[in-house]
Amino acid sequence: MFDPDQLSVEVVQILDENGNGDERQLAAFSDEWLLRAYREMRRARVIDERLLRMQRQGRIGTYAPFSGQEAAQIGSALALHKDDWIFPSYREVAVCLMHGMPLEQFFHYVQGRLSGKRMPEGVNIFPTQIIIAAQTLHAVGCAWASKLKGEPHVSVAYFGDGATSEGDFHEAMNFAAVYNVPVIFFCQNNQYAISVPYRKQTASRTIAQKALAYGMKGVLVDGNDVLAVYETMKQAVEAARRGEGPMLIEALTYRLGPHTTADDPTKYRRPEEVETWRAKDPLRRLRLLLERRGLWTEAQEEALVAQVNDEVTAAYEAAIASKSGSIVDAFDCVYSEAPKLLAEQKDEVMRRKQRSGVR
Amino acid sequence: MAELTMIEAINEAMRQEMERDPRIIVLGEDVGENGGVFRATDGLLAQFGEGRVFDTPLAESGIIGTSIGLAINGMRPIAEIQFLGFVYQAMDQLAAQAARIRFRSAGRFSCPIVVRSPYGGGVRTPELHSDALEALFTHSPGLKVVMPSNPYDAKGLLISAIRDEDPVLFLEPMKLYRAFRMEVPEEPYTIPLGQARVVKEGDDVTIIAWGATVPLAAKVAAEMQAKGVNAEVIDLRCLQPLDIDAILASVEKTGRVMIVHEAVKTGGFGAEVAALISERALFALSAPIVRIAGYDTPYPVPSVEDDWLPNAERIVEGIETLLRY
């Protein structure tokens, strides 16, 4: 008999909440790597906070903040090669930036421009997914193609805890294991699907254990520990590249802010809970380690924050200064060649635009 | 030239295309060893092996969703949904994902997949096997919807669908799979998507049909010819893209229009065709447009399906109504 209460639940952790860890394990990470991980996480936090403010000021549209999840996102993305494929949901901004999405392009997206939908050539990021868990199947198909073509690329499906309730997640896990494809299911369990807490989402003690039912490995990792996330992801990626098939990673983390700028989290969670998780902040613990090693100072922090703020301002200004697309463009990316009736509609719009231009 | 059934023509199209292009793979439930429930994929596993033909887990959303990922990463999947009534389980992946990938990526990614599915009634299937759901997908920008009505068209249209850069829903009328044989050239050939076929020329009435109702409409038209009624029959072959020019040319000639389809009447694609005619050729009409369609009930049980489907009697009555004006 399989008794869920008998399953051992081990959380992979290298760096604890106070920036301490086993020195032998820590020795595997160079100063340079630690500084890079911290800089990327801090950059992501500054960008996220700015975007949130900009939404409140009416400068961008609805936004889904990710503060609190930087270690999960940056740690996992750092373990990937440029040719690997990423299938994000709407909260994976830090992952996408790390994998090559230009910040300016993201501003096009959050300003609701068509141009924001187009990832640059060579950046292997699939368009942001809105439908929960739909991208898990696309990642499996993409990984399957890599396997058929004999290419060493890994595909990563990013999703949240809510996605594990969707049928597509289960179909994706099943296909991936049956065909033994190089895909990684990376779940950021941030405890809430909009307002619904984990305990109402699933009766599983962990998401990681769901892997067992499909015949693949599952790992539960401290999602606020960038070292542990990186190490776990690296092992999963290497295993997938060796042909050992898919893996499910559950990164246990917490969304510090709202689901999107359209909801009010104080309606569904207590301030004490948020404070408990603030103490586990992924940036704080790595910074403590860096400071203890003499690698980081407040002056460096201030300089970095100022630099990222300038970068955000420049990207935003470049985005708004560039030509905003027209509805005419929308007709050009429905089919490879517009059918007659669609082409007629495009002509109608163009005629109206020309007329109003004359006036 | 060999005389083939529609199912044989479909099988030949896939086999020849797979020989031509190693990126093409076939996936679906029972498409491997079993050769598909109707034998459409018969022999493909033996010829191309397990790296090209995949018996998938039983999961419609999984079949189409993974096909999307395969396609964006360079493969050309032909997916089979065993019966069109099962496509509801994959509705998001087909209508909201495959259809929109070009748009969602502002043109960066295309999604060249073919989703084949038998549809339509008259073969005494269990519940939810016979539904004609084409209208659901003509309402999803980005998808192409193709519905052949004979073996020759099935081969040429399927080869075009496989070579197309956009996702194509290829709906095969299961009643016609083995209904008759027809000369089909052995070499591969294409029929452009979006080009209707004039099945029979005439100048009294235009009958517009697609898929399973085309042979029925042609048969009735031939019978009416003996009674002095000269009906023109048009097989749309594709609903998206739609050959609006062929429709309008015939309407201008006859002034009387009947639309025959087996999907339920309300919201069916016949309504769209009628609306387009009223927008563009109202004053060519000498009578109100008549629609002969499935009734607005779920597809019924086998014992009464013959009374539900469009039949010769209803088509004859419709023509008489048109001519009385």
Got a sec: does the CZ of B:Arg100 have more than 12 other heavy atoms crowding it under 6.0 Å? no

Interface check, chain B: of A:Val178, A:Leu114, A:Asn174, A:Leu341, most non-hydrogen pairs under 4.5 Å belong to A:Leu341

Residue B:Ser105 versus chain A: region with a heavy atom under 4.5 Å: both

When the 4.5 angstrom heavy-atom criterion is applied to B:Arg76 and chain A, the contacting part is neither

Chain B contact via A:Phe87 - side chain, backbone, both or neither, heavy atoms under 4.5 Å: side chain

Look up atom CZ in B:Phe103 and atom CZ in A:Phe331, then write down how far apart they are to the nearest 0.5 Å. 9.5 Å

Measure distances from B:Glu50 to the heavy atoms of chain A and classify the residue's part below 4.5 Å as side chain, backbone, both or neither. neither

Please identify, among A:Gly141, A:Ser155, A:Gly116, the residue contributing the most non-hydrogen atom pairs under 4.5 Å to chain B. A:Gly141

Which residue out of B:Gly107, B:Gly142, B:Pro241 racks up the most heavy-atom pairs below 4.5 Å with chain A? B:Gly142

Where on A:Ser146 is there a heavy atom nearer than 4.5 Å to chain B: the side chain, the backbone, both, or neither? both

Once rounded to the nearest 0.5 Å, what's the spacing between atom CZ of B:Phe109 and atom CZ of A:Arg118? 9.0 Å

Could you have a look at A:Ala145, A:Ala139, A:Ser115 and say which one has the most heavy-atom pairs with chain B under 4.5 angstrom? A:Ala145

Per-residue tally against chain A (heavy atom, under 4.5 Å) across B:Asp164, B:Leu58, B:Leu143 peaks at B:Leu143

If contact means a heavy atom pair closer than 4.5 Å, which residues of residues 61-74 of chain B contact chain A? B:Ser61, B:Gly62, B:Ile63, B:Gly65, B:Thr66, B:Ile68, B:Gly69, B:Leu70, B:Ile72, B:Asn73, B:Gly74

With under 30° as parallel and over 60° as perpendicular, where do the rings of B:Phe54 and A:Tyr179 fit, or are they tilted in between? perpendicular

Non-hydrogen atoms of chain A under 4.5 Å away: do they reach the side chain of B:Gln89, the backbone, both or neither? neither

Looking only at heavy atoms, the pair that brings B:Ser140 and A:Tyr335 closest together is O-OH, 4.4 Å

For atom CD of B:Glu33, is the number of surrounding heavy atoms from other residues, nucleotides or ligands below 6.0 Å larger than 12? no

Determine whether more than 12 heavy atoms belonging to other residues, nucleotides or ligands lie under 6.0 Å from atom CD of B:Gln47. yes

Do the non-hydrogen side-chain atoms of B:Pro57 and A:Glu171 ever get within less than 4.5 Å of each other? no

Would you say B:Gln97 and A:Gln129 are linked by a side-chain donor-acceptor pair, where the criterion is simply a distance under 3.5 Å? yes

Surrounding NZ of A:Lys217 (heavy atoms of other residues, nucleotides or ligands, distance under 6.0 Å), is the total greater than 12? no

Considering only heavy atoms from C-beta outward, does the side chain of B:Gln93 approach that of A:Asp168 to under 4.5 Å? yes

Under a 4.5 Å heavy-atom cut-off, does chain B meet the side chain of A:Ala134, its backbone, both or neither? both

Separation of B:Glu165 CD from A:Glu337 CD (nearest 0.5 Å): 11.5 Å

Hey, are B:Asp243 and A:Lys340 close enough for a salt bridge, meaning a charged N less than 4.0 Å from a carboxylate O? no

When only heavy atoms count and the cut-off is under 4.5 Å, which of residues 268-276 of chain B reach chain A? B:Leu276

Rounded to the nearest 0.5 Å, how far apart are CE of A:Met119 and CZ of B:Arg108? 8.0 Å

Any B:Met75 side-chain heavy atom under 4.5 Å of A:Leu148 side chain: yes

Segment of B:Leu27 engaging chain A (4.5 angstrom heavy-atom cut-off): side chain

Given a strict heavy-atom distance threshold of 4.5 Å, which part of A:Glu166 is in contact with chain B: side chain, backbone, both, or neither? neither

The interface call for A:Ala330 against chain B, heavy-atom contacts under 4.5 Å, is both

